[in-house]
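Along the sequence shown, residues are numbered consecutively beginning with 1.
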Amino acid sequence: MKLSVFVIKAIMINDVCTFSTMDPYFVATLSDNSRKSYKSKVRENEGKYPTWNEGFTFVIDDLTKENDLSIQLFHEKESLGFCEVDLSK
């Protein structure tokens, strides 16, 4: 089974940079399996409103084990936020 994901944009409340603009990127991970992850391109100087329009596909071997999709936002190595999607529903 394949899972296709398309990330359009993010809207963040806080800016972690005081004298510059954030360069955000995201990492999408299927369940807690780090072998199945995707790192986006860094959106330089896009601050709190980055737009990716970026798609990727995961191959799901066993939906009973790989049933959560986590997307975490970063600036450099600092976590900015995350979301989780339950794929079992």
Side-chain angles (χ1 to χ4, degrees):
M1 176 189 294
K2 292 183 180 180
L3 172 67
S4 295
V5 180
F6 192 81
V7 177
I8 299 170
K9 64 181 179 178
I11 299 173
M12 294 176 264
I13 297 171
N14 296 322
D15 192 339
V16 297
C17 295
T18 304
F19 300 107
S20 63
T21 305
M22 291 188 299
D23 302 326
Y25 66 93
F26 69 85
V27 175
T29 306
L30 195 55
S31 292
D32 290 327
N33 188 345
S34 62
R35 291 178 294 149
K36 290 190 178 177
S37 64
Y38 175 85
K39 181 182 174 190
S40 74
K41 296 177 184 173
V42 175
R43 303 307 303 171
E44 295 184 20
N45 298 317
E46 289 202 19
K48 297 190 310 183
Y49 308 102
T51 301
W52 286 280
N53 289 322
E54 203 166 317
F56 53 94
T57 301
F58 286 121
V59 175
I60 299 176
D61 300 319
D62 186 354
L63 191 57
T64 61
K65 293 180 182 177
E66 301 168 329
N67 57 4
D68 291 314
L69 173 67
S70 173
I71 299 177
Q72 190 164 8
L73 294 167
F74 293 94
H75 166 69
E76 296 175 351
K77 292 185 179 182
E78 183 175 352
S79 177
L80 302 173
F82 71 95
C83 72
E84 291 183 356
V85 179
D86 184 353
L87 302 175
S88 66
K89 296 183 179 181

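M1 is not listed as a side-chain neighbour of V59, based on a closest heavy-atom distance of 4.5 Å or more.
What you find for M12 and L80 is that their closest heavy atoms are SD-CD1, 3.6 Å. Summarising the geometry of P24 relative to G47, their closest heavy-atom pair is CG-O, 3.7 Å, with the distance given to 0.1 Å. In plain terms, the two heavy atoms of S20 and D15 that are nearest each other are O-OD2, 4.4 Å. Residue I71 comes nearest to V7 through the heavy atom pair CD1-CG2, 4.2 Å, listed as atom of the first residue, atom of the second, then distance.
Atoms CG and CG, on L69 and L87 in that order, are 6.0 Å from each other to the nearest 0.5 Å. Distance check: S37 OG to L30 CG gives 10.0 Å after rounding to the nearest 0.5 Å.
Considering only residues two or more places apart in sequence or on other chains, E46 meets the salt bridge (charged side-chain N to carboxylate O under 4.0 Å, His left out) condition with R43.
If you chain together ILVMFWY residues whose side-chain heavy atoms come under 4.5 Å of each other, V27 ends up grouped with Y25, V42, F74.
Between the D86 side chain and the D68 main chain, no donor and acceptor come within less than 3.5 Å of each other. K9 places no side-chain N or O within 3.5 Å of a backbone atom of Y49 that could act as its donor or acceptor partner. No donor-acceptor pair closer than 3.5 Å links the side chain of N14 to the backbone N or O of V16.
Both F26 and V85 are part of a single hydrophobic cluster, where members link through side-chain heavy atoms under 4.5 Å apart.
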Let me check something: any side-chain donor-acceptor pairs from residues 51-58 under 3.5 Å, sequence neighbours excluded? List them with distances.
residue, atom, partner, partner atom, Å
W52, NE1, S40, OG, 3.3
W52, NE1, K41, O, 3.1
E54, OE2, Y38, OH, 2.5
E54, OE2, K41, N, 3.3
T57, OG1, S4, OG, 3.4

CA sep, side-chain torsions, deciding dist, call: D23, H75, side-chain contact (heavy atoms from CB on, under 4.5 Å) = CA-CA 6 Å; D23 302 326; H75 166 69; 4.1 Å; yes

